[in-house]
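The residues of the chain are indexed from 1 along the displayed sequence.
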Amino acid sequence: MRQYGKIPPTVASLMEGFMETEQVEGKSIMSGHMFFMRHAFALAERCSVKTSPNPRVGCVIVKAGRIIGEGFTQPVGGNHAEIEALAAAAALNEDVRGATVYVTLEPCSHHGRTPPCTEALIRAKVGKVVAAMQDPNPQVAGNGFRQLREAGIEVLCGVLEQQAREMNLGFLSRVERGRPWVRVKIAASLDGKTALPNGQSQWITSEAARLDGHRWRMKADAVMTGIGTVLTDNPQLNVRLPEVVRQPIRIVVDSHLKTPVDAKVLGQGNVWLFAANASPLRIDALKGKGAEVFAAINDTGRVDLHEMMRVLAEREINEVHVEAGATLSGALVEAGLVDELLLYLAPCCLGRGRDMLGINALPSLDDRIALDIREMTRIDGDLRIVARVLDKNRKG
């Protein structure tokens, strides 16, 4: 049974119900709401990656300007944030009747792996629920708010909504777009080369940058590569960090199932192979090594990347981390399936070598793939850049 310690009250100057307001995303929001919602986000940040495919959610229960319960989503199958916060309040003998509940996502209203959170909040007789955003999951999608209002509980939605979306990009992508959030990680020299012409690439970036890359791997539900990388580098595609709490699913895009049965990627947990053309004997041999094989063929006889992403969403994959060669990475970009680039640039130049992305020549600069640089950070001597791929109709 979870042990709950004493929850410190907020300072008196930050009482709930401040009359002062702040403009957030075009909305006038009370400062008190902002304060407690930010605390709920801080709790959500503590959610383990084991919560996936569920979203990361934080919850704070406030009464008379004092936090009387708080919690965050537990690993999949465990309590949601609201249930954790109610349990914390109960463990401290706090009375939640009439309290205000701050939660980073609309409380669930359906029976899934756990009972509905709305029912627990209604039974607890809380007075108000302040949510950052509505849950787009069709099983919820406003039904949670409706149930709460029908029970006489006041509902306010939209406090720090953009922050809520950023926290659960993968979950929202899967639910709203029917495909995972896809990040392509690339390590390269300052002149944009990932390897020498002969393929030598170990190591362009520093050890610190490589460890940082593993932390990004750990955030994802799946790590993806192409058959070319498997044959050339024989990677493990796992997370090699002391603090690892789970290993992501390993995915290989392998049109003709050339993955060797002794490849390092096999035999160490979930491995999914996406193929287009393969003999039953090859399929059986790889299944015998523990791999799961999916057929997804396009009109060119190669793996249909859009169908692959649809299957991954169907299998509840929220976030995919791609570490592949220029061919697969470029194909994903050209297919409009990449949301984010994670670039590690080393302070060196390699001259002629292998490019970062295998993208076809563009007819004009107007057709360039527009990016929004979200972050630039020094990692030891290297530069880490996080860039979002903008809408294809948006140039510049």
Side-chain angles (χ1 to χ4, degrees), residues 182-207 209-214 216-217 220 222-240 247-278 282-283 285-286 289-291 293-294 296 300-303 305 308 320-335 337-338 341-346 348-360 382:
V182 177
R183 178 191 312 111
V184 172
K185 179 254 185 179
I186 301 171
S189 60
L190 204 57
D191 57 346
K193 302 302 178 183
T194 62
L196 298 176
N198 64 4
Q200 183 182 351
S201 62
Q202 297 182 351
W203 298 103
I204 296 174
T205 54
S206 65
E207 182 179 3
R210 297 195 296 276
L211 287 174
D212 189 71
H214 274 265
W216 284 79
R217 273 190 189 184
V223 177
M224 176 182 291
T225 197
I227 182 58
T229 300
V230 170
L231 295 176
T232 302
D233 298 335
N234 196 18
Q236 298 180 64
L237 292 189
N238 59 356
V239 176
R240 297 184 291 279
Q247 288 292 344
I249 292 167
R250 286 161 281 271
I251 298 174
V252 180
V253 182
D254 182 2
S255 290
H256 304 291
L257 279 191
K258 295 180 179 179
T259 300
V261 293
D262 60 350
K264 290 180 181 178
V265 72
L266 299 173
Q268 47 175 325
N270 291 326
V271 179
W272 296 355
L273 305 177
F274 280 84
N277 297 292
R282 286 295 299 160
I283 293 175
L286 290 164
K289 297 295 291 185
V293 180
F294 298 85
T300 67
R302 304 184 69 82
V303 170
L305 299 178
M308 176 179 68
V320 176
H321 180 90
V322 180
E323 294 194 24
T327 300
L328 176 58
S329 296
L332 289 167
V333 170
E334 288 189 319
L337 294 172
V338 174
L341 297 178
L342 173 64
L343 307 176
Y344 294 90
L345 298 181
C348 65
C349 294
L350 299 184
R352 291 188 179 182
R354 300 193 176 182
D355 293 329
M356 291 194 292
L357 295 171
I359 297 175
N360 292 321
D382 302 318

*Going through the checks in order, is the side chain to side chain contact (heavy atoms under 4.5 Å, CB included) test met by W203 and R210?*
CA-CA 9 Å; W203 298 103; R210 297 195 296 276; 3.2 Å; yes
*Given side chain to side chain contact (heavy atoms under 4.5 Å, CB included), test R183 with V320 step by step and report yes or no.*
CA-CA 6 Å; R183 178 191 312 111; V320 176; over 6 Å; no
*Determine, stepwise, if the pair I227 / S255 fulfils side chain to side chain contact (heavy atoms under 4.5 Å, CB included).*
CA-CA 8 Å; I227 182 58; S255 290; over 6 Å; no
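The CG atom of D212 lies 9.0 Å from the OG atom of S206; values are rounded to the nearest 0.5 Å. Within the model, atoms CG of L341 and NZ of K185 stand 13.0 Å from one another, a figure rounded to the nearest 0.5 Å. Here CH2 of W272 is found 3.5 Å from CD1 of I249. Values are rounded to the nearest 0.5 Å. Annotation: the span from M356 atom CE to S189 atom OG amounts to 8.0 Å, rounded to 0.5 Å.
Closest approach of G301 to N277, counting heavy atoms only: O-ND2, 3.0 Å. In terms of heavy atoms, A324 sits closest to G226 at CB-N, 3.9 Å. Closest heavy-atom contact between I204 and A195: CD1-N, 3.9 Å. Looking at every heavy atom in both residues, P197 comes nearest to R352 through CD-O, 3.3 Å. Here the closest heavy-atom approach between residue M224 and residue L332 is recorded as SD-CD1, 4.4 Å. The heavy-atom pair separating L237 from R217 by the smallest distance is C-NH1, 3.5 Å.
Taking the side chain as every heavy atom from C-beta outward, T194 and S201 never approach each other to under 4.5 Å. Taking the side chain as every heavy atom from C-beta outward, V261 and L286 approach each other to under 4.5 Å. With a 4.5 Å cut-off on side-chain heavy atoms, H321 and L342 count as touching. Contact annotation: the side chain of D233 never approaches that of T225 to less than 4.5 Å [non-hydrogen atoms, C-beta and beyond]. With a 4.5 Å cut-off on side-chain heavy atoms, L328 and E323 do not count as touching. Side-chain contact between R250 and V252 is absent, with no heavy-atom pair separated by less than 4.5 Å.
A donor-acceptor contact shorter than 3.5 Å is absent between the side chain of D382 and the backbone of Y344.
Under the 3.5 Å distance criterion, with hydrogens and angles disregarded, a donor-acceptor pair is assigned to the side chains of T259 and D254.
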